[in-house]
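What follows is a short report on a single structure.
Quantities reported herein were computed from a predicted structural model and do not represent experimental measurements.
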Amino acid sequence: MTINNEVARRRTFAIISHPDAGKTTLTEKLLMYAGAIHIAGSVKARKASRHATSDWMEIEKQRGISVASSVMQLEYRDCVINLLDTPGHQDFSEDTYRVLTAVDAALMVIDAANGVEAQTLRLLDVCRARNTPIITFINKMDREVRDPITLIDEIEQTLGMSVVPFTWPIGMGRNFHGVFDLRRNCMRVFQPGEDRVSNDDEVITNFDDPVIAERFGASLTDAQQEIDLIKGASTTFNRNAFLEGQQTPVFFGSAINNFGVREVLDSLVDLAPSPGSRKALQREVQPEEKKFSGVVFKIQANMNPSHRDRIAFVRICSGQFKRGMNLKVVRSGKDIRTSTVVSFLSQRRELLDIAYPGDIIGIPNHGTLQLGDTLTEGEALQFTGLPFFAPEIFQTVEIADPMRSKQLKLGLTQLGEEGAIQVFRPHIGNTLLLGAVGNLQFEVVTHRLQHEYGVEARIAPAKYQIARWITADDPRELQRFINANTHRIAYDAVDAPTFLASYGAELSVAQENWESIQFHKLREHAGLVFQTHMDS
């Protein structure tokens, strides 16, 4: 196959949702339908021997939640699908945001009982900013849920995009009988409790049969009336509007029962875009170009705790990857070896010989690669858009056993590099400062320090509540500011200088007194390129 053909058969997407909407369960079932796994892991049975394939971290297995992004590759209908499962918990929105920079589409999961929830809105804002196409799956129709027309109206009003139902539920809860395919004018009958793929689904096409009407009763009658209403009121599906993030096709089902999953998988193949061009500071990069380029959007430490490894997740943007090829880290100018590059099925990894744009590859490294790094065959490119947010909560960290200080430093360095937490080194003093968006991040870090690095760490509230990265047009002015505020200056994982404040008023005073200094809420990795999200 040519590189154009390989690009055309790639689909790279992320699954996003509010916590407990069923995202990880749907991920499992998509893998199962594609033949990647035979029995879906039990997400809710936390003490069972099976866990979700996409949840590999010990704390995830204990709590039944996803706190780290997972990457899985599978083949379905001659397409290579790269599926990225993101954390649902809002405390890990940074990780989710970075994952969304590496995909070409998103699958949004909505709990039919709760509708559009806060975290869904936050993630949709990210997708909208990037014009990411979105496919919607309304889950848990086998439970007592909200009226489907109300749900459709809420999606349209809240998310500000037109909704095009591709399937429609027949009943709900105990009276959930199946879904009607609006494009094929047929009904697939619901069969609960399946944990394996079945190809003998009951499909009904003759709705004039009185036996069918008697079998499904009022649920079918009500659904037929709703379908007539929907057909008259809904917008016609427009693929261009979908690709621009202005329109979302909607599917109904029950992921836990494998119902409606096949339709979603088919829609990803039929509707989601293949990899497109990617913006770099220097130029726009096309996927069909001969030369390899890729960007590090995630780093994960200790996927294999016995080997203390660190894997850099790289989204291929152009060209063909071949095992053993020389790649250059543009930031540092260093060359890296690619003889042990891997592909993923969550925690299971396989050595990779060849890969194409849209694929996610894993490069084992020991601190050579950082979040946001661009890899090329030599060209000086820097892909943009990988964000780091100023933390909103700060804690100091102390060690119970001073003899383990080396392990503490190693653990925090590695966890900081992967973006699990932000670690700040003060200009004066030795007490490391941890910064996070949410409190659960601190809980995960202390858990991982103990189980992966053998370090009992104590964290306590810090005196700071605000952090802003600082830059200046004149480097001498920046140094003057640092010298005058040494007790408030710290450096992050890439040594970017940061101003720390306990109160908003302290930040305001610094801004008024130092007009030559820019204070930033957001930074990009690219050579410390800061976006213009500054305080007024």
Subject >> Student check: side-chain heavy atoms of Met32 and Lys29 closer than 4.5 Å >> reply: yes
Original post:
Does the separation of the ring centres of Phe251 and Phe137 fall below 6.0 angstrom?
Top reply: no
Original post:
Would you call Val296 and Ile363 a side-chain contact if the rule is heavy atoms closer than 4.5 Å?
Top reply: no
**OP:** Classify the angle between the aromatic ring planes of Phe242 and Phe237 as parallel (below 30°), tilted (30 to 60°) or perpendicular (above 60°).
**Re:** tilted
Original post:
Going by distance alone, is a donor N or O of one side chain under 3.5 Å from an acceptor N or O of the other, for Thr136 and Thr248?
Top reply: yes
**OP:** State, with a plain yes or no, whether a side-chain heavy atom of Ile360 is found less than 4.5 Å away from one of Val314.
**Re:** no
Original post:
What's the shortest heavy-atom distance between Gly319 and Pro357, and which atoms?
Top reply: O-CD, 3.0 Å
Subject >> Distance in Å, Asn238 CG paired with Glu244 CD, rounded so as to fall on 0.5 Å steps >> reply: 8.0 Å
Original post:
Do we see a donor-acceptor contact under 3.5 Å between the side chains of Asn82 and Gln73?
Top reply: yes
Original post:
For the atom pair CG (Leu375) and NZ (Lys334), what is the distance rounded to the nearest 0.5 Å?
Top reply: 13.5 Å
**OP:** Indicate yes or no: does Asp104 engage Arg10 in a salt bridge with an N to O separation below 4.0 Å.
**Re:** no
Original post:
Between Phe394 and Phe424, how do the two ring planes meet: parallel, tilted or perpendicular, split at 30° and 60°?
Top reply: tilted
Original post:
Which distance, rounded to the nearest 0.5 Å, do you find between the NZ of Lys328 and the OG1 of Thr374?
Top reply: 13.5 Å
**OP:** Begin from the C-alpha positions of Leu500 and Thr498 and carry the test side chain to side chain contact (heavy atoms under 4.5 Å, CB included) through to its verdict.
**Re:** CA-CA 6 Å; Leu500 304 172; Thr498 311; 4.2 Å; yes
Subject >> 4.5 Å side-chain heavy-atom contact, Glu379 and Lys291 >> reply: no
Original post:
Under 3.5 Å, is there a donor-acceptor pair between the Thr376 and Ser293 side chains?
Top reply: no
Subject >> Heavy-atom donor-acceptor pair, Asn139 side chain to Ala255 backbone, under 3.5 Å >> reply: yes
**OP:** Write down the atom of Val163, the atom of Val250, and the distance for their closest heavy-atom approach.
**Re:** CG1-CG2, 3.2 Å
**OP:** I would like to know whether Val341 and Leu351 meet side chain to side chain contact (heavy atoms under 4.5 Å, CB included); could you show each step before the answer?
**Re:** CA-CA 6 Å; Val341 169; Leu351 278 177; over 6 Å; no
**OP:** Would you mind checking if Arg315 and Asp359 are paired as a salt bridge, meaning a charged N to carboxylate O distance below 4.0 Å?
**Re:** no
Original post:
Just checking, is any N or O donor in the side chain of Thr167 or Glu263 under 3.5 Å from an acceptor N or O on the other one?
Top reply: no
**OP:** Look at atom CZ of Arg184 and say whether more than 12 heavy atoms of other residues, nucleotides or ligands are closer to it than 6.0 Å.
**Re:** no
**OP:** Taking Thr158 for its side chain and Ile155 for its backbone only, find out whether a donor-acceptor pair lies under 3.5 Å.
**Re:** no
Original post:
Are any side-chain N or O atoms of Glu288 and backbone N or O atoms of Ser318, one a donor and one an acceptor, separated by less than 3.5 Å?
Top reply: no
Subject >> Leu327 side, atom CG; Asp373 side, atom CG - distance, nearest 0.5 Å >> reply: 12.0 Å
Original post:
Should Asn326 and Arg337 count as side-chain neighbours, where that means a heavy-atom distance under 4.5 Å?
Top reply: no
**OP:** Taking all non-hydrogen atoms of both residues into account, name the closest pair between Gln370 and Val494 and its distance.
**Re:** OE1-CG1, 3.0 Å
Original post:
Using 4.0 Å as the upper bound for N to carboxylate O, is an ion pair formed by Arg283 and Glu289?
Top reply: yes
Original post:
Any sub-3.5 Å donor-acceptor pair from Arg11's side-chain atoms to Ala8's backbone N or O?
Top reply: yes
**OP:** With the side chain counted from C-beta on, respond yes when Ile421 and Phe442 share a heavy-atom pair under 4.5 Å apart, and no when they do not.
**Re:** yes
Original post:
Which heavy-atom pair separates Gly362 from Ile311 by the least distance, and what is that distance?
Top reply: CA-CG2, 3.7 Å
Subject >> NZ/NE/NH1/NH2 to OD/OE distance under 4.0 Å, Asp78 and Arg9 >> reply: yes
Original post:
Do Phe166 and Asp181 come close enough that some side-chain heavy atom pair is under 4.5 Å?
Top reply: no
**OP:** Could you grab the distance from atom CZ of Arg323 to atom CD1 of Ile361, nearest 0.5 Å is fine?
**Re:** 12.0 Å
**OP:** Give a yes or no on whether Glu284 atom CD has more than 12 heavy-atom contacts from other residues, nucleotides or ligands under 6.0 Å away.
**Re:** yes
**OP:** Look only at the side chain of Glu377 and the backbone of Phe292, and say whether a donor-acceptor pair between them is shorter than 3.5 Å.
**Re:** yes
Original post:
Hey, mind stepping through Ile470 and Ile489 against side chain to side chain contact (heavy atoms under 4.5 Å, CB included) and telling me if it holds?
Top reply: CA-CA 10 Å; Ile470 50 174; Ile489 299 296; 3.9 Å; yes
Original post:
Under a 4.0 Å N-O cut-off, is there an ion pair linking Arg523 with Asp492?
Top reply: yes
Subject >> Value rounded to 0.5 Å, distance of OG1 in Thr101 from CZ in Phe383 >> reply: 11.5 Å
**OP:** Without swapping roles, check the side chain of Gln382 against the backbone of Ala280 for a donor-acceptor pair under 3.5 Å.
**Re:** no
**OP:** Please tell me if the side chains of Trp469 and Pro497 come closer than 4.5 Å, counting only heavy atoms from C-beta onward.
**Re:** no
Original post:
What are the two closest heavy atoms between Asn439 and Gln395, and how far apart are they?
Top reply: OD1-NE2, 4.3 Å
